[in-house]
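Working notes for the structure below.
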Amino acid sequence: MSKLLVTGGAGFIGSNFIRMMLSDSGHEVVNLDTLTYAGNLENLTDIERHPRYQFVRGDIADPVAMEEVFATHKPDVVVHFAAESHVDRSVLDASLFVRTNVTGTQVLLDKSRAHKVVRFVHVSTDEVYGSLGAWGYFTEDTPMQANSPYSASKAGSDLLVRAAVHTHHMDCVITRCSNNYGPYQFPEKLIPLMIANALEGKQLPVYGDGKNVRDWIYVTDHCAGIRAAMERGKAGEVYNFGGNAERENLFVVKEILRLLGKGEEQIHYVKDRPGHDRRYAMDSSKARALLLWEPKHTFEQGLRATVDWYLLQRPWWERVRTGAYQDYYKQQYANRC
Ligand code: NAD
Ligand code: DAU
């Protein structure tokens, strides 16, 4: 069994991945997260005392702190989720995106090489490929044409990982996935924002004409893909993961309202996102053929499960919306560290 250093494990996808690793594998997990606004230890309360889990607070862009983390924990594998992940925030200020996504990734690559990490899994995004017209799909060979500061910073990190393989012969794999949804997603992203607003009787802000298309994937299907790439991926390779579920934003919003039994009068068209990518769609045939991976959830199953989760876990997202979740670290961890 291996020791995994999971960066960004207090976020949405990282916390789902850690839960999967603790229940379905014998690996030890060290969760390294600096706890930005998106880092929420309440995503992990059910496993925080698991004997194979520990949490370490640290900033991936701080080389001194990372030296201590790698020297102390001696990970075999790094699974790198930590990032600034919200496109709208990158439009307002790109600086943190460059620091975390670009510099932070290089610091982790340097420490992984120095401490002889056997495999580095870099979790990236379909957004590095840019935007599609009405037809076609992104393959792993599609040129990177990132359009937002967020996706440009992720594309930069992907190139640094590629360079580490080429120059230093590091064993790295890159995964690129489409839009995730499911439990523990921060309610600033489309699906959880719309569910929470609908339940609170607020307006549902749809950007532009609402006809932008995303390829939606249930979060545990993405986590299974990352695991497959970690276990069966080939060094230097890129693997695309998509949900095979292209939907227009307006369709998604209307489905959420229908599942909640709410009326469409809550929909409110607002000014479009600057540089808004029109369509993403993934060709995942490489991952299907070589990693023996496929998504298990249809969009209808996944959305139903997600709406049910947000209905049941209302205290979780209410504490996020009020900011109360940020006290959890002080209450539960600060005295222990
Ligand atoms: P998220 O915003 O929910 O979580 C990011 C986590 O990283 C947070 O816990 C945050 O505290 C942590 N973090 C941020 N800066 C850090 C730093 N300097 N040091 C240590 N930790 C730091 O993000 P997510 O949606 O879970 O996405 C995780 C990864 O997956 C990202 O790399 C993202 O680019 C990628 N991705 C996301 C999606 C999606 O639809 N959400 C799709 C494809 C790829
Ligand atoms: O494609 C993968 C990417 O998906 C990830 O790399 C990113 O980390 C993740 O945030 C996500 O990016 P998007 O910009 O596609 O996700 P977001 O949920 O912000 O928006 C989805 C679509 O919904 C997009 O077309 C913009 C639109 N939107 C979003 C919000 C928040 C609205 O119309 N209204 C909104 O309020």
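For ligands, and for the atoms within them, numbers begin at 1 and follow the listed sequence. Counting begins at 1 with the first residue of the sequence.
- Close approach of ligand 2 to Asn249 (heavy-atom distance below 4.0 Å) involves ligand atoms 22 (C), 23 (O), 24 (C), 25 (O), 27 (C).
- Note on ligand 2: His276 sits in its first shell, one or more heavy atoms being nearer than 4.0 Å.
- Atom 8 (O) of ligand 2 has as its closest protein heavy atom Ser85 O, 2.8 Å.
- With respect to Asp93 and Arg89, no salt bridge is recorded, no charged nitrogen being found less than 4.0 Å from a carboxylate O.
- Among Gly182, Ser178, Ser85, the residue whose heavy atom lies nearest to atom 2 (O) of ligand 1 is Ser85.
- Every atom of ligand 1 is numbered from 1 in the order shown, and the set under 4.0 Å from a heavy atom of Leu35 is 11 (O).
- Neither the backbone nor the side chain of Asp277 comes within contact range of ligand 2; no heavy atom lies under 4.0 Å.
- Scanning all protein heavy atoms for the shortest distance to atom 5 (C) of ligand 2 gives Tyr150 OH, 3.6 Å.
- Contacts between Asn179 and ligand 1 below 4.0 angstrom, taking non-hydrogen atoms only, involve the backbone exclusively.
- The distance criterion of under 3.5 Å between nitrogen or oxygen atoms is not met by Val206 with respect to ligand 2.
- At least one heavy atom of Ser124 lies less than 4.0 angstrom from ligand 1.
- Taking any N or O of Trp216, backbone or side chain, none lies under 3.5 Å from an N or O belonging to ligand 2.
- Short contacts between ligand 1 and Tyr150, defined as distances under 4.0 Å to a heavy atom of the residue, involve ligand atoms 33 (C), 34 (O).
- Within the set Val253, Asp126, Ile217, the minimum heavy-atom distance to atom 1 (O) of ligand 2 is found for Asp126.
- Closest heavy-atom approach to atom 19 (O) of ligand 2 among the candidates Gln185, Lys189, Arg273: Arg273.
- Of the heavy atoms in Tyr280, none comes closer than 4.0 Å to ligand 1.
- Numbered from 1 in the order shown, with element, the atoms of ligand 1 that lie under 4.0 Å from a heavy atom of Cys177 read 42 (C), 43 (C).
- Contacts of Asp126 with ligand 1, taken as heavy-atom pairs under 4.0 Å, are absent altogether.
- In the vicinity of Phe12, heavy-atom distances shorter than 4.0 Å reach the ligand 1 atoms 3 (O), 25 (O), 26 (O).
- Put simply, the residue from Asp141, Asp158, Asp126, Asp283 that forms a salt bridge (Lys or Arg N to Asp or Glu O under 4.0 Å) with Arg176 is Asp158.
- With ligand atoms numbered from 1 in the order given, ligand 1 contributes 31 (C), 32 (O), 33 (C), 34 (O) to contacts under 4.0 Å with heavy atoms of Lys154.
- Residue contact check for ligand 1: Tyr37 places no non-hydrogen atom closer than 4.0 Å to it.
- Distances from atom 37 (C) of ligand 1 to the heavy atoms of Ile13, Asn180, Thr125 put Ile13 nearest.
- Considering backbone and side-chain atoms alike, Ala61 places every N or O at 3.5 Å or more from each N or O of ligand 1.
- If you check each of Lys211, Gln203, Glu127, Glu248 against atom 13 (P) of ligand 2, the one with the closest non-hydrogen atom is Glu127.
- Not a single heavy atom of Phe186 sits less than 4.0 Å from an atom of ligand 1.
- Look at Gly58 and you'll find a heavy atom under 4.0 Å from some atom of ligand 1.
- Residue Val123 approaches ligand 1 through these ligand atoms, each under 4.0 Å from one of its heavy atoms: 30 (O), 32 (O).
- Under 4.0 Å from ligand 2, heavy atoms of Asn179 appear from its side chain as well as its backbone.
- At under 3.5 Å, not a single nitrogen or oxygen of Met194, backbone or side chain, sits near a nitrogen or oxygen of ligand 2.
- Each of the atoms 31 (C) of ligand 2 lies under 4.0 Å from some heavy atom of Glu188.
- Which parts of ligand 1 touch Phe81 is read off a 4.0 Å heavy-atom cut-off, strictly below it: atoms 28 (C), 29 (C), 31 (C), 32 (O).
- Closest to atom 17 (C) of ligand 1 among all protein heavy atoms lies Thr34 CG2, 3.5 Å.
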